Amino acid sequence: MAGSAAVLEDSSLLSRLDRALLPVERLCALLSGIAIFSLMFLAAWSVTGRKFFASPMAGYVDYIEAAMPIIAIMGVSYVQRDGTHVRMDMLVSALKGRTLWFFELVSVLLILVLIVALTWGAWEHFARSFDCARPLCSRDSSIDVGIPIWPSKLVVPVAFGVLVLRLILQAWGYGRALILGLENPVAVPLALTVAEQARIEAEALEGSD
Amino acid sequence: MEPIEIGLWVSGGLLVFVVLGMRVAFAAALAGFVGLVWLRWNGFDYDPERFWKAVEISVKIAGLTPHSKVSAQVLSLIPVFIMIGYMAYHAQLTTALFTAAKRWIAWVPGGLAVSTVFATAGFAAVSGASVATAAVFARIAIPEMLKIGYNKQFAAGVVAAGGTLASLIPPSAILVIYAIIVEQDVGKLLLAGFLPGMFSAVVYALLIIGIAVVFKSVGPPVGGFTWRERFASLPPALPILAVVVIIIFFVYNPFGDAWGTPTEGGAIGAFIIFLMALYRGMRWKQLKSALLDTAKLTVMIFSIIWGVLIYVRFLGFAELPEAFADWITGLEMSPMLILICILLAYAVLGMFMDAIGMLLLTLPVVYPAVMALNGGELVSAADSAFGMSGPMCAIWFGILVVKMAEFCLITPPIGLNCFVVAGVRDDLTVQDVFKGVTPFFIADGVTIALLVAFPGIVLFLPSLAG
Amino acid sequence: AATEWNVSVWGKRRAFTEHVEKLAELVAEKTGGEFTMNVSYGGLSKNRENLDGISIGAFEMAQFCAGYHPDKNRVVTVLELPFLGVENLDQEVAVARAVYAHPAAAEEMAQWNAKLLMTSPMPQYNLVGTGEPRDELAEFEGMRVRATGGLGEAFKTVGAVPTSVTATEAYQAMEGGVVDTVAFAQHAHLSFGTINQADWWTANLNPGTVNCPVVVNIDAYESLSDAHREALESSIPEAIDHYLTNYAALLERWDSVLEEKGVQKVEISPEVISEFQAIAGKPNHDAWIAEMEGQGLPGQELYDLVVKTLAEAKGGS
Ligand code: NA
Ligand code: NA
């Protein structure tokens, strides 16, 4: 399922920025993967403690809930970079050249507007739970062990902030392709046919062996 | 303007965004956000001075939704189930399963094809996603079938169809998503998928045996394995059994209290598979790549979840689901006929859309309507239209839609499993796979009809669990 | 002019939401349908985000429980302290009303743009459990209990582990062994099905309860016309009365429910209760007061207010 589609590279400024952002995005995604991996140990530990030592882990649910935004949202930009977010590409895969870049550009600009709005809203949500006049800056705490919730809320605007940068680069990439009439632009995921995509996915599975 | 009208316009707009190829997650979130602004400004009688106030409120509502909605313990099942699949691959469980299935059951007519079906069913028990299963078995099972003279289209069809079993047999990411959207017991839904999944596998196997008996050329029996060889093939496949038992016992223990929650069961299962993968030579490099792949798929799924939930939040303010439920229950048709129409609509939609996106987009409106059709969330079996209580109806409908969504993985034009199989094999075109998978449409049609006619197949296990 | 309010509550319609439903009914009646309230069960917000929704102006009225997020509403958590000695719902209403009227409570809620309207009076939270009844303190050691807020603290002091699955997941958590016991009021044991899993119920442990206010958005409240505001204010006592009557009927049915479901009614001995009280009552109260004073809130004053109001309520009844 997860395999990278083609994102071309060259020596242009745009491509260099694309490659500069990539390690940040990959780190975010790896954090998400490591959080999932830790979840496995946390659950195993909690069950073992409960079943065999009659000492259940306090705050188990609180910790999982706090980790969920890292797991679910941190990698959002990494997934956008190579176009892994699902879409219905019946129409798009039939388009070519400037028409295609026009559709992609409009789509990315709309997403950019949306994500800027969501970044603002997510930041506000964080800000409502954050007040440094109080112990641990906490104005919202978890239900069992009372840990502050603001760090977990902060994950969302940070992840969305990275996504905003990515979307700006993609809008630039598509806009450039539209104006210059490029065939294979850099720094944007190239729309593959479903068949090509499936082949790449299958190879990714093989390659990870 | 009435809120419901705004709801309809925005939902129509969402459809346009999706058809035009916007990523489903963002299309849904954008529709929800625009809808929230529109609804709020409508409430302000389109006073130009209060437009920005409407935007501000909507930004804040939409902006808190991703954190609010993903911070739920039950959702942690999804990444864990996805991780199991990637780890299972590194633990070389696929080959082990296929070898065991071959040695034990390939002596029947169409032997290797039947073995493939049961091996995919077994792998389904450690894989939360269908496409991955098809990709893996295309590589292992198709060459063996071709070696003994199978028709290549048919061999490819078997693998594409077998892959769909992964989403019914637990663990299943899509069943978890269904449970969360409709706020039903995850454990019972997972339990409910088990028999229909095995049932589907048996229907596939019977179909293959039938074809092999009629057309001798399709696939000969493969015999000659000694009992020693048979038993020797079992230990490498054993972890699968351990995972199945653990997940089931964590949800429902026939001998007493369940051992814990499905999430814990999934995590322990993943842990066992992880140890197995370590033993089979997985190191940091492979682990890192497995974790990145898991994260990627997880984030993709969660983006759809929070995106759609922003849209659902808007629907809540627009009161559209209630209106749709009223409309459906007001129709002059028998409830069963309406249900069949809904399932057929899913079959058509699924031809063009990915399964998770399809369910997430439609369920917030369709599910309340189906529940209302049966007589409401709290209806007793005796007073209901389908002869089952509200919670049982929720489970039954969930299995039906998921089976429907899986069916769409092998139907043209966008049957993803077929594309994956063709992608793995250079000697197969997509058309070949679609041709080979055609007989399985009949099998799936039969399965769905039987699940509709005999809900007991779905509801037997969950009703045991209370 | 017509006013339509959105009200965010959660779960299903149950005894716990009857005052909100009644309030909506009364207000519409008194204003000739000019002022209506649209009560939504989970459609507008998650329960733990209801206060955020009020602050944003997403909806005009909402219900929440103090223990869900103590740092959002430190002042009203005084009402969730264990073993306060509240005996019935009338006393519960009296103490809540006094605390809600305190400037510190109003000020903290104003930070969320919220005004406290009324409480959702809850009887003492008793335990249901599976297996052998736990009727001695030693048996609470290592017990996984679904209890929030001050109740959770109380059980913690005797070695139990509070595990807060949401109310809607409580049944499954009990079934799956995630928790051994669940502390709820009677209506919730019925509504969330935990009574169907239970082998026993503690009839007289009475460790305390939760406090779940109904609040309104201040801007929405202030923009009401005088007639509408009057309709709202005057309906509150009636709505609470309706709630109390409804709850009393439920409590009357309770014993027959226990019998029907085959749930053993466990009477804890007075010695065990006073032992529990000694460990979990006073020390928790003192700790709460110290913590609030440390944060610049009038903890002692609030606590004294509760004690004084309760004494008056008991004297009066
Ligand atoms: Na599966
Ligand atoms: Na399809």
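Only this structure's heavy atoms are used, side chains among them; waters, hydrogens and symmetry mates stay out. Here is how names work: the chains are called A, B, and so on, in the same order as the sequence lines, proteins then strands, and each is numbered from 1. Here the structure is a predicted model, which is why all the values come from computation and not from measurement.
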Would you say the side chain of [Y] lies within less than 4.5 Å of the side chain of [X], judging by non-hydrogen atoms?
X       : Y      : value
F302(B) : V76(A) : no
F103(A) : L20(B) : yes
V299(B) : S32(A) : yes
F274(B) : F41(A) : yes
V80(B)  : M40(A) : no
E65(A)  : V70(B) : no

Between [X] and chain A, which part of the residue has a heavy atom less than 4.5 Å away: side chain, backbone, both or neither?
X       : answer
M83(B)  : side chain
I61(B)  : neither
I304(B) : side chain
M87(B)  : side chain
A422(B) : neither
I310(B) : side chain
L30(B)  : both

Report yes if the distance between the aromatic ring centroids of F37(A) and W284(B) is under 6.0 Å, otherwise no.
->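 They do not qualify: ring centres at least 6.0 Å apart.
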Please walk me through it: do W120(A) and F33(B) pass ring pair (Phe, Tyr, Trp, His ring centres under 6.0 Å)?
-> CA-CA 13 Å; W120(A) 170 19; F33(B) 174 60; 9.0 Å; no
When rounded to the nearest 0.5 angstrom, what is the spacing between [atom1] in [X] and [atom2] in [Y]?
X       : Y       : atom1 : atom2 : value
H67(B)  : M68(A)  : NE2   : CE    : 10.5 Å
H125(A) : S68(B)  : NE2   : OG    : 6.0 Å
I73(A)  : T298(B) : CD1   : OG1   : 12.5 Å
L291(B) : L31(A)  : CG    : CG    : 11.5 Å
I71(A)  : L75(B)  : CD1   : CG    : 10.0 Å

Worked check of side-chain contact (heavy atoms from CB on, under 4.5 Å) between H85(A) and V24(B) | CA-CA 8 Å; H85(A) 283 299; V24(B) 172; over 6 Å; no
Among [options], which has the most heavy-atom pairs under 4.5 Å with chain A?
options                         : answer
K60(B), K69(B), E56(B), E264(B) : E264(B)
K288(B), M282(B), Q73(B)        : Q73(B)
A27(B), A25(B), A72(B)          : A72(B)

Most heavy-atom pairs under 4.5 Å with chain B, out of A43(A), P69(A), S46(A), A44(A), belong to P69(A)
Whether over 12 other heavy atoms sit under 6.0 Å from W123(A) CH2 =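 Atom CH2 in W123(A) is not crowded, with 12 or fewer foreign heavy atoms closer than 6.0 Å.
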Evaluate the side-chain contact (heavy atoms from CB on, under 4.5 Å) criterion for residues F26(B) and I115(A): first the C-alpha distance (whole Å), next the side-chain angles of each, then the deciding distance (0.1 Å), finally the verdict.
-> CA-CA 9 Å; F26(B) 302 131; I115(A) 299 298; 4.0 Å; yes
Would you check, one step at a time, whether the test side-chain contact (heavy atoms from CB on, under 4.5 Å) holds for L292(B) with R26(A)?
-> CA-CA 8 Å; L292(B) 267 179; R26(A) 194 181 285 128; 4.1 Å; yes
